[in-house]
Amino acid sequence: MSTWDWQVFCKDTISGEVQPRCFGQGGDITYLDWMFSAWGWTLSVAVLALVVALVVGSLMGIFRTTPSRVLVAIGDIWTELFRNIPLLVQVFLWYHVLPALVPVLKNVPSFILVVLALGFFTSARIAEQVRAGIQSLPKGQRYAGLAMGLTLAQTYRYVLLPMAFRIVIPPLTSESMNIIKNSAVAFAVSIAELTMFAMQAQEETSRGIEVYLAVTGLYFISAFAINRIALAIEHRVQVPGMLGGH
């Protein structure tokens, strides 16, 4: 069994020579440089997709709890459509099919297309969680808001959503962690994120154990950081006496 060689990350990607500080100088790039750059792409895809998912998913979740049959239908169709098509298939649809049907998309960078595909896929799951959070509240809260003279939109904004979002923070945390992992599909359209780095670096260096362990560690750090941030938010916004709040 060969010994591990962690110096692989200090090697220049072109010459293969070990750099003293593990970081390239001038135009030279080491595998460590490349890995951190790929980590940046992974986080960029994940964070932007999460923003899209939260905005669109929250809106669709709200639609599904309104008295309007049209809005409920829109929310239901959106949720079922994006939830029931595999993520990788959706990425290929955005990258290969939609630009052929909508020519303007040919000028959109693949990075944006992946963000939209991942964001819309996750939005369907968030929509279901927001819907469940709103419907878990006592119906009297909606009626009380309307009885006080608030419009339906104001009732959602000031009464229902502040409580519903507190309830759904735990499942939203899970979705935020999942979006980090799901960002790996970006390699399929040549986004230089962590999974693509791992595949190419392993092929070039034949040091799969070191490369994949390092990449696994970065995925873990990213997901764990999101978990800790969400946990801190959950404790901060918890309502005393409700759902285990103190």
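Start at 1 with the first residue, then count along the sequence. Quick caveat: nothing in here was measured; it's all calculated off a predicted structure.
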| Phe63 side chain near Val70 side chain, heavy-atom distance below 4.5 Å | no
| request: Considering only Ile, Leu, Val, Met, Phe, Trp and Tyr, and joining two whenever side-chain heavy atoms are under 4.5 Å apart, list the other residues clustered with Tyr143. | output: none
| field | Test item: Cys10 and Val18 side chains (from C-beta on) under 4.5 Å apart, heavy atoms | value | yes
| query | Can Trp39 and Ile221 be said to form a side chain to side chain contact (heavy atoms under 4.5 Å, CB included), step by step? | reply | CA-CA 11 Å; Trp39 192 18; Ile221 290 171; 4.2 Å; yes
| field | Donor-acceptor contact present, side-chain Asn227 to main-chain Ala223, <3.5 Å | value | no
| Any side-chain heavy atom of Thr195 sitting closer than 4.5 Å to one from Val215? | no
| request: Mark yes or no for whether Thr122, through its side chain, and Gly119, through its backbone, hold a donor-acceptor pair below 3.5 Å. | output: no
| request: Of all the heavy-atom pairs spanning Ile134 and Gly61, show the shortest one and how long it is. | output: CD1-O, 4.5 Å
| query | Considering only heavy atoms from C-beta outward, does the side chain of Val130 approach that of Leu59 to under 4.5 Å? | reply | no
Donor-acceptor pairs under 3.5 Å, side chain of residues 173-188 to any protein atom, not counting sequence neighbours: which ones?
residue: Thr173; atom: OG1; partner: Ile169; partner atom: O; Å: 2.8
residue: Glu175; atom: OE1; partner: Arg125; partner atom: NE; Å: 3.0
residue: Glu175; atom: OE2; partner: Arg125; partner atom: NE; Å: 2.9
residue: Glu175; atom: OE2; partner: Arg125; partner atom: NH2; Å: 3.2
residue: Glu175; atom: OE2; partner: Gln129; partner atom: NE2; Å: 3.4
residue: Ser176; atom: OG; partner: Leu172; partner atom: O; Å: 2.8
residue: Asn178; atom: OD1; partner: Lys181; partner atom: NZ; Å: 3.2
residue: Asn178; atom: ND2; partner: Ser174; partner atom: O; Å: 3.3
residue: Asn182; atom: ND2; partner: Asn178; partner atom: O; Å: 3.4
residue: Ser183; atom: OG; partner: Ile180; partner atom: O; Å: 2.5

| task | Spell out, as yes or no, whether a donor-acceptor pair under 3.5 Å connects the side chain of Arg166 to the backbone of Pro162. | result | yes
| said: Would you compute the distance between atom CZ of Arg207 and atom CD of Gln7 and round it to the nearest 0.5 angstrom? | reply: 11.0 Å
| message | Taking CZ in Arg228 as the centre, count heavy atoms belonging to other residues, nucleotides or ligands within less than 6.0 Å. Is the count above 12? | response | yes
| task | For residues Gly133 and Val168, report the shortest heavy-atom separation together with the two atoms involved. | result | CA-CG1, 3.7 Å
| Which distance, rounded to the nearest 0.5 Å, do you find between the CG of Leu150 and the CZ of Arg157? | 11.0 Å
| message | Please determine whether the number of non-hydrogen atoms from other residues, nucleotides or ligands lying under 6.0 Å from atom CD1 of Ile14 exceeds 12. | response | no
| Contact check, side chains of Thr79 and Ile77, non-hydrogen atoms, under 4.5 Å | no
| request: Let me see the working for Leu54 and Ile126 under side chain to side chain contact (heavy atoms under 4.5 Å, CB included), right down to the final yes or no. | output: CA-CA 7 Å; Leu54 287 173; Ile126 290 179; 3.8 Å; yes
| field | ILVMFWY cluster, Val56 and Ile85 together (side-chain gap under 4.5 Å) | value | yes
| message | Looking at Gln19 and Thr30, would you say the former's side chain and the latter's main chain have a donor-acceptor pair under 3.5 Å? | response | no
| Ser123 versus Val52: any side-chain heavy-atom pair under 4.5 Å? | no
| Given the side-chain rings of Phe82 and Phe121, with only the six-membered ring counted for Trp, is the space between their centroids under 6.0 Å? | no
| query | Can Ile112 be reached from Phe120 by stepping across I, L, V, M, F, W or Y side chains whose heavy atoms are under 4.5 Å apart? | reply | yes
| query | Given Gln141 and Leu160, is the side chain to side chain contact (heavy atoms under 4.5 Å, CB included) satisfied, shown in steps? | reply | CA-CA 7 Å; Gln141 293 194 15; Leu160 300 179; 4.2 Å; yes
| field | Parallel, tilted or perpendicular: ring planes of Phe92 versus His96, cut at 30 and 60 degrees | value | tilted
| request: Taking the side chain as every heavy atom from C-beta outward, state whether Asp12 and Tyr31 have any pair of such atoms under 4.5 Å apart. | output: no
| field | Flag, side chain of Glu203 to backbone of Ser206, donor-acceptor distance under 3.5 Å | value | no
| message | Count I, L, V, M, F, W, Y as connected when their side-chain heavy atoms are under 4.5 Å apart, and connections chain through other members. Are Val72 and Tyr156 then in the same cluster? | response | no
| message | So does Leu194 get a backbone contact from the side chain of Thr42, meaning a donor-acceptor N/O pair under 3.5 Å? | response | yes
| task | Please work out whether the ring planes of Phe9 and Trp6 are parallel, tilted or perpendicular, with thresholds of 30° and 60°. | result | parallel
| field | is_close_aromatic(Phe111, Trp41), centroid dist under 6.0 Å | value | yes
| query | Tyr212, Trp34: one ILVMFWY side-chain cluster at the under-4.5 Å cut-off? | reply | no
| query | According to the side chain to side chain donor-acceptor pair (under 3.5 Å) rule, which pairs have a member within residues 130-140, sequence neighbours left out? | reply | Glu128-Arg131, Arg131-Gln135
| request: Report the C-alpha distance between Val159 and Met163 in whole Å, list the side-chain angles of each, state the deciding distance to 0.1 Å, and finish with yes or no for side chain to side chain contact (heavy atoms under 4.5 Å, CB included). | output: CA-CA 7 Å; Val159 180; Met163 296 300 298; over 6 Å; no
| said: Using 0.5 Å steps for rounding, measure from the CG atom of Leu218 to the CG atom of Leu213. | reply: 11.0 Å
| request: Calculate, to the nearest 0.5 Å, the distance between atoms CD1 and OG1 belonging to Ile74 and Thr66 respectively. | output: 9.0 Å
| said: Is the shortest side-chain heavy-atom distance between Leu152 and Arg142 below 4.5 Å? | reply: yes
| message | Within this structure, what is the CG-CG distance for the pair Leu48 and Leu116, rounded to the nearest 0.5 Å? | response | 10.0 Å
| request: Following the transitive rule for hydrophobic clusters with a side-chain heavy-atom cut-off under 4.5 Å over Ile, Leu, Val, Met, Phe, Trp and Tyr, establish whether Val115 and Val97 coincide in one cluster. | output: yes
